[in-house]
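A short write-up of the structure that comes next.
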Amino acid sequence: ADLGRELHTVHPLDRTRIVAAWRRARDHPGEVVEVRARSSVDDGWAEARQRFLNLHGHPELAVFCIFTDQLSPADPTGAAPDTATVHGTSARWVLIHASLMGGVESVEGTIEELLGVRTASLVGTFAIDLVLPAGRGSALAIFAAVIRQPGRAVSAEHRLRRPDGSTLWVESTLLLTPPPAHPSGRPEDSTLVVLIVDATERRAQEAALQASREEARGLAEEFRLLAEEVPSGVFRADIGGHVQFANSHFVELAGGRPVAHLADLAHPTDRDRVEAARLEALRHHADGHPGDGIVTVEFRSALPEGGSRSLRVRAPRRASGLPSGLIGVLTDSTPTAQLREEARTDPLTGLRNRTALDDLIEAAIGAGLGVAVMFIDLDHFKEVNDAHGHHAGDAVLQIVAKRLRGCTRPTEMVTRYGGDEFVIVSTDPTADTLESLTGRVHGVLAHPIHVDGLLWQPAASLGLALSAPGDGPADVLRRAD
């Protein structure tokens with residue numbers, strides 16, 4: 001076996017395990033050494049099992065890789081597979097040297113244990129006689145292939161018959177070597193080397209693995225069918241957020257298009273919120289967070305028609321304790337978001353209301369920001385309602401709100417406090433900005449208002465207050481009022 005060729009196909013993080021298996025096989029003749037590692041398969045990686053056997057330093061076969069089994073797709077970004085341990089078991093094997101015609105000339109290995117016969121009874125017989133009649137055709141085909149290509153090893157599995165009538169599965173590897181004394185000698189003087197290794201345990205493991213895979217496929221199909229009955233978007237993603245499964249409702253909520261990554265669901269300005277939720281779910285897992293470890297995030301949809309989506313995500317654990325991926329539910333939160341927006345908006349003017357005002361002040365103070373609050377109370381507004389009716393009064397309030405909103409900066413928010421009172425909150429409360437804000441407010445209120453035949457000159461009383469350590473929204477609003 002060529003160790004360099006083996007390492008070329010192995011994931012760089014797992015190569016030390018292959019080397020360790022090789023060395024153990026070298027140092028423990030007659031012992032099968034097993035290792036699991038990630039190997040290159042097409043354009044990806046798969047977990048594979050390899051076994052090595054040292055045939056007592058035999059000149060032709062020194063250390064021999066018995067077989068390599070692909071087990072399952074593997075994550076190339078993480079550590080080696082959980083089961084990528086190196087360990088050895090005592091092997092049952094027989095090494096036969098035969099003539100070009102297949103006549104047994106010498107035998108070594110665990111002959112009686114594996115084949116149930118003594119060495120002397122095999123010498124002089126034909127190796128093909130060990131194979132059950134039903135399998136001799138395929139065995140002869142392999143024999144012919146080895147004869148046609150000297151120096152090339154060919155392996156296959158057969159069922160052998162023992163003298164007591166029992167049968168067992170073995171893996172046979174055939175190799176035609178040139179005459180040891182004269183490598184360029186006559187072909188009929190070549191030696192046929194046949195390595196027979198007990199495959200019973202491996203086949204049982206493979207059968208169990210196949211049964212496990214079929215059960216997993218059955219469970220996956222049951223999950224898919226169940227997920228289709230759920231009136232929400234059900235998904236599974238890898239730990240990087242790449243979507244691996246999504247039910248039809250998830251696809252519908254994504255606009256009827258495939259979604260490669262969870263962040264693709266969000267408007268570009270909200271993608272970082274989805275990413276933060278993914279990382280938080282993994283942190284919940286890593287920290288052993290109590291409870292379900294579910295993280296919920298709401299964001300604006302990436303769809304042209306807009307809307308909002310709510311994502312609930314968690315990172316379940318494998319038996320090893322490592323995260324197996326991300327699972328969760330996607331729902332349309334547009335109606336809820338609209339109700340929440342309406343609850344924070346003044347229906348007459350479209351400005352933020354008192355609830356939103358309290359939240360803004362509290363959030364700014366909690367973030368350690370200074371806050372300035374300007375209280376604006378329209379003077380003599382009651383006269384408008386009394387003389388011209390509430391319809392005219394409402395129109396005046398709408399015009400004042402539009403003017404105030406038009407004169408504010410990004411660090412300032414206008415709210416309607418109630419009745420004829422407005423409040424402007426500034427999170428940049430420097431002397432220059434507050435002086436500028438005062439001038440801008442006086443400027444927009446200096447112009448008369450014309451509405452439904454009414455000409456009214458607005459005037460207002462202004463109060464200004466700065467937040468102090470320990471203040472809550474009510475404290476700073478009270479001082480401004």
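How far CG of L311 is from OG1 of T296: 8.0 Å, rounded to the nearest 0.5 Å.
Counting only distance, with no hydrogens or angles, the side chain of S333 and the backbone of R309 share a donor-acceptor pair below 3.5 Å. At distances below 3.5 Å, not a single donor-acceptor pair connects side-chain atoms of T345 with backbone N or O atoms of E342.
The nearest pair of heavy atoms linking V313 to A277 is CG1-O, 4.1 Å.
In this view, R23 satisfies the salt bridge (charged side-chain N to carboxylate O under 4.0 Å, His left out) rule with no residue, not counting sequence neighbours.
By the neighbour-count criterion of 12 heavy atoms within 6.0 Å, atom CD of E435 is sparsely surrounded, having that number or fewer from other residues, nucleotides or ligands.
Side-chain contact between R416 and L397 is present, with at least one heavy-atom pair separated by less than 4.5 Å. Residues N353 and L351 have side chains not in contact (no heavy-atom distance under 4.5 Å, counting atoms from C-beta outward). The shortest side-chain heavy-atom distance between R273 and D270 falls under the 4.5 Å cut-off. Contact annotation: the side chain of V274 never approaches that of R278 to less than 4.5 Å [non-hydrogen atoms, C-beta and beyond]. At least one side-chain heavy atom of R217 sits less than 4.5 Å from a side-chain heavy atom of R213. Using a 4.5 Å cut-off on side-chain heavy atoms (C-beta onward), F422 and T415 make no contact. Considering only heavy atoms from C-beta on, H261 comes within 4.5 Å of E275 through its side chain. Side-chain contact check for L437 versus R440: some heavy-atom pair is nearer than 4.5 Å.
A salt bridge does not link E412 with R409: none of the charged nitrogens is closer than 4.0 Å to a carboxylate oxygen. Remark: R344 engages D359 in a salt bridge, criterion side-chain N to carboxylate O under 4.0 Å. Electrostatic pairing of R36 and D14 does not count as a salt bridge here, judged by no charged N lying under 4.0 Å from a carboxylate O. A salt bridge links R352 and E341; the closest N-O separation between the charged side-chain nitrogens and carboxylate oxygens is under 4.0 Å.
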Just list the side-chain donor-acceptor pairs under 3.5 Å for residues 230-247, sequence neighbours left out, or say none.
| residue | atom | partner | partner atom | Å |
| --- | --- | --- | --- | --- |
| R236 | NH1 | Q244 | OE1 | 2.2 |
| R236 | NH2 | S324 | O | 2.5 |
| D238 | OD1 | G240 | N | 2.9 |
| D238 | OD1 | G241 | N | 3.0 |
| D238 | OD1 | H242 | N | 2.9 |
| D238 | OD1 | H242 | ND1 | 3.3 |
| D238 | OD2 | H242 | ND1 | 3.3 |
| N247 | OD1 | V234 | N | 2.9 |
| N247 | OD1 | F250 | N | 2.9 |
| N247 | ND2 | A227 | O | 2.8 |
| N247 | ND2 | S232 | O | 2.9 |

Side chains of residues 360-374: which donor-acceptor partners sit under 3.5 Å, not counting sequence neighbours?
none

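Only one option out of I196, V197, L195 pairs with V170 in a side-chain contact (heavy atoms from CB on, under 4.5 Å); it is I196.
Between the side chains of T433 and S436, not a single donor N or O lies within less than 3.5 Å of an accepting N or O.
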